[in-house]
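Structure first, then comments.
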Amino acid sequence: MPELPEVEVVRRGLERWVRGRTITAVEVRHPRAIRRHHAGPADFADRLVGRAFGPAHRRGKYLWLPVESTGTSVLGHLGMSGQLLVQPEKAPDEKHLRIRIRFADAPPSAPEAAGTELRFVDQRTFGGLSLHAQVPGEADGLPDAIAHIARDPLDPAFDDAAFHEALRRRRTTVKRALLDQSLISGVGNIYADEALWRAKLHYDRPTATMTRPRSAELLDHVREVMAEALAVGGTSFDSLYVNVNGESGYFARSLDAYGREDEPCRRCGTPIRRRPWMNRSSYYCPRCQRPPVRRTLPAPR
DNA sequence: CGCCCTACCTGGTTGC
DNA sequence: TGCAACCAGGTAGGGC
């Protein structure tokens, strides 16, 4: 389940192995992988062949590569099981290979990439690639399709004070807010549960009860857990999430809450609980993360 | 507009 | 053994 740290690992791989390369061929093997590109697979290929990729960028769980001198960018989302792999052209096709992009050359920064191609592989087909106009005035070639996605907590331009004020205005609960990509991007179910465990906050706490220090603390924990995961290559439960070279990260062994039902809380020893939540699961320590007391919400300021 | 819910998709696991 | 139900979950879009 790729969230911000896993997507950043992939972005770094694209930056090293794909940036600057000129595209010679695009093969779309499954139409669903390109469904966000409304003009269709042939148009997608036509607009890319003969062009070169610019630097790799990321916002939250989205990543993109500007297509030089076109005013467009290729946008990618890994969904739940998507992989962007740099493979030798002669390597056998993966079972769930959806899109193949071939290049004329290796990037000047990585001559050893000669003879490799970029593959989008995705078992569950929630992810995909598409091509979009760039938002005018944004230096990094931000695709217009994700202009509504909030900046992520590792972005220097993320506005902590505005995030706190948004929490205070909302009539929702804290985990819902963490997963709302228009408030803060890059946080998914795993890192939400991990940050809430670290912050000793229950997932159902109303956001309107968050004080400025509590919001600041929560953001600190989100940033800390993501930075730690990034440092070890991200979280992998199996071979589904990998970097562009097919390697898994090591953060799964460092998780404190997610996936640890009935295992002792690493702070107090109480068994971690799993609760059905929004058609998925929330993992939390019933002692460290006390459920909110039900009472009338305070009036908005 | 704010908030909430559902559909989308595949393969591994569980239960009968 | 076979088959159905369940589980993983990010996002767009629709209902109210």
Side-chain angles (χ1 to χ4, degrees), chain A residues 1-8 10 29-38 58-64 75-84 94-99 120-130 132 143-150 152-153 162-163 165-196 203-209 222 226 234-242 248 252 255 257-262 273-283 297 299-301:
Chain A
M1 278 56 77
E3 302 181 30
L4 189 153
E6 293 75 37
V7 178
E8 173 61 15
V10 173
R29 299 172 50 101
H30 194 303
R32 191 172 148 82
I34 206 109
R35 68 192 180 286
R36 283 191 77 153
H37 188 77
H38 303 296
R58 180 191 54 73
R59 175 178 289 194
K61 300 170 213 172
Y62 285 95
L63 39 79
W64 69 90
L75 176 65
H77 196 290
L78 302 178
M80 289 184 62
S81 55
Q83 306 173 341
L84 281 165
E94 292 76 8
K95 181 176 180 191
H96 300 293
L97 174 64
R98 309 302 192 191
I99 301 170
F120 181 72
V121 176
D122 191 10
Q123 177 203 109
R124 274 168 263 188
T125 68
F126 274 47
L129 302 182
S130 49
H132 303 276
D144 58 10
I146 59 163
H148 66 290
I149 299 293
D152 62 64
F163 177 70
E165 291 306 319
L167 289 184
R168 297 287 307 192
R169 275 194 304 273
R170 289 292 181 106
R171 288 299 172 265
T172 189
T173 50
V174 67
K175 186 172 170 182
R176 283 177 185 273
L178 283 178
L179 297 183
D180 184 341
Q181 306 296 302
S182 68
L183 275 183
I184 179 172
S185 67
V187 184
N189 204 37
I190 297 172
Y191 293 104
D193 280 0
E194 292 302 302
L196 290 169
Y203 54 91
D204 264 344
R205 167 186 280 266
T207 53
T209 69
V222 169
M226 285 183 164
T235 301
S236 308
F237 298 111
D238 47 37
S239 57
L240 269 193
Y241 164 68
V242 293
S248 295
L255 295 175
Y258 185 86
R260 297 195 65 241
E261 183 177 19
D262 295 334
R273 276 191 194 154
R274 178 171 75 92
R275 286 281 177 272
W277 185 85
M278 282 182 74
N279 287 327
R280 38 181 67 73
S281 295
S282 276
Y283 296 86
L297 294 180
R301 289 184 298 151

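A note on names: the letters A, B, ... follow the listed sequences, proteins ahead of strands, and every chain is numbered from 1.
Within 4.0 Å (heavy atoms only), A:Arg274 reaches sugar-phosphate atoms of the nucleic acid but no base atom. Within the nucleic acid shown, A:His148 comes within 4.0 Å of sugar-phosphate atoms alone, with no base atom in reach, counting heavy atoms only.
Remark: the backbone N or O of A:Arg280 is not paired with any side-chain donor or acceptor of A:Asn189 at under 3.5 angstrom. Between the side chain of A:Arg58 and the backbone N or O of A:Gly60, at least one donor-acceptor pair lies under 3.5 Å. Within the 3.5 Å criterion, the main-chain N or O of A:Leu255 finds no donor-acceptor partner in the side chain of A:Glu194. The main-chain N or O of A:Ile190 is found under 3.5 Å from a side-chain atom of A:Glu3 such that the two form a donor-acceptor pair. Remark: the backbone N or O of A:Lys61 is not paired with any side-chain donor or acceptor of A:Gln181 at under 3.5 angstrom. Counting only distance, with no hydrogens or angles, the side chain of A:Thr207 and the backbone of A:Leu167 share a donor-acceptor pair below 3.5 Å.
Taking atom CZ of residue A:Arg176 and atom P of nucleotide C:dT11, one finds them 16 Å apart after rounding to whole Å. Distance, A:Arg58 CZ to C:dG10 C1': 16 Å, rounded to whole Å. Between the C1' atom of C:dG10 and the OH atom of A:Tyr258 lies a distance of 12 Å, rounded to the nearest Å. Nucleotide C:dT11 holds its P atom 15 Å from the CG atom of A:Leu129, rounded to whole Å. Spacing between atom CD1 of A:Ile146 and atom C1' of C:dA12 amounts to 15 Å, rounded to whole angstrom units. Taking atom NE2 of residue A:His37 and atom C1' of nucleotide C:dA12, one finds them 18 Å apart after rounding to whole Å. In this entry the distance linking CD of A:Glu3 with P of C:dA8 reads 14 Å, nearest Å. A:Arg32 has its CZ atom 15 Å from the P atom of C:dG10, to the nearest Å.
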Here DNA chain C, pairs taken as Watson-Crick or G-U under 3.5 Å and shown with ( ), [ ] when crossing and | when to another strand, reads .|||||||||||||||
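When the nearest nucleotides of DNA chain C are assigned to A:Ser281 and A:Tyr62 by heavy-atom distance, the more 5′-ward of the two goes with A:Ser281. Map A:Lys61 and A:His38 each onto its nearest nucleotide of DNA chain C; the residue landing nearer the 5' end is A:Lys61. Nucleotides of DNA chain B nearest to A:Asn279 and A:Arg98 differ in position, and the one nearer the 5' end is that of A:Asn279.
Dashed line: the shortest gap from a side-chain N or O of A:His77 to OP1 or OP2 of C:dT11 is under 4.0 Å. For C:dT11, the OP1/OP2 oxygens have a side-chain nitrogen or oxygen of A:Gln181 closer than 4.0 Å.
The salt bridge (charged side-chain N to carboxylate O under 4.0 Å, His left out) check on A:Arg170 picks up A:Asp180, with sequence neighbours excluded.
Residue A:Arg280 places a side-chain atom within donor-acceptor reach of the base of C:dG10, judged by atom type and a 3.5 Å distance cut-off alone.
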Could you please spell out the steps behind the side chain to side chain donor-acceptor pair (under 3.5 Å) verdict for A:Lys175 and A:Ser282?
-> CA-CA 9 Å; A:Lys175 186 172 170 182; A:Ser282 276; 2.6 Å; yes
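The shortest side-chain heavy-atom distance between A:Leu63 and A:Leu75 does not fall under the 4.5 Å cut-off.
Reading DNA chain B from its 5' end, the first and the last nucleotide to sit under 4.0 Å from a heavy atom of chain A are B:dC3 to B:dG11.
Looking at A:Arg176 and A:Asp204, no side-chain N of the basic residue comes within less than 4.0 Å of a carboxylate O on the acidic one, giving no salt bridge.
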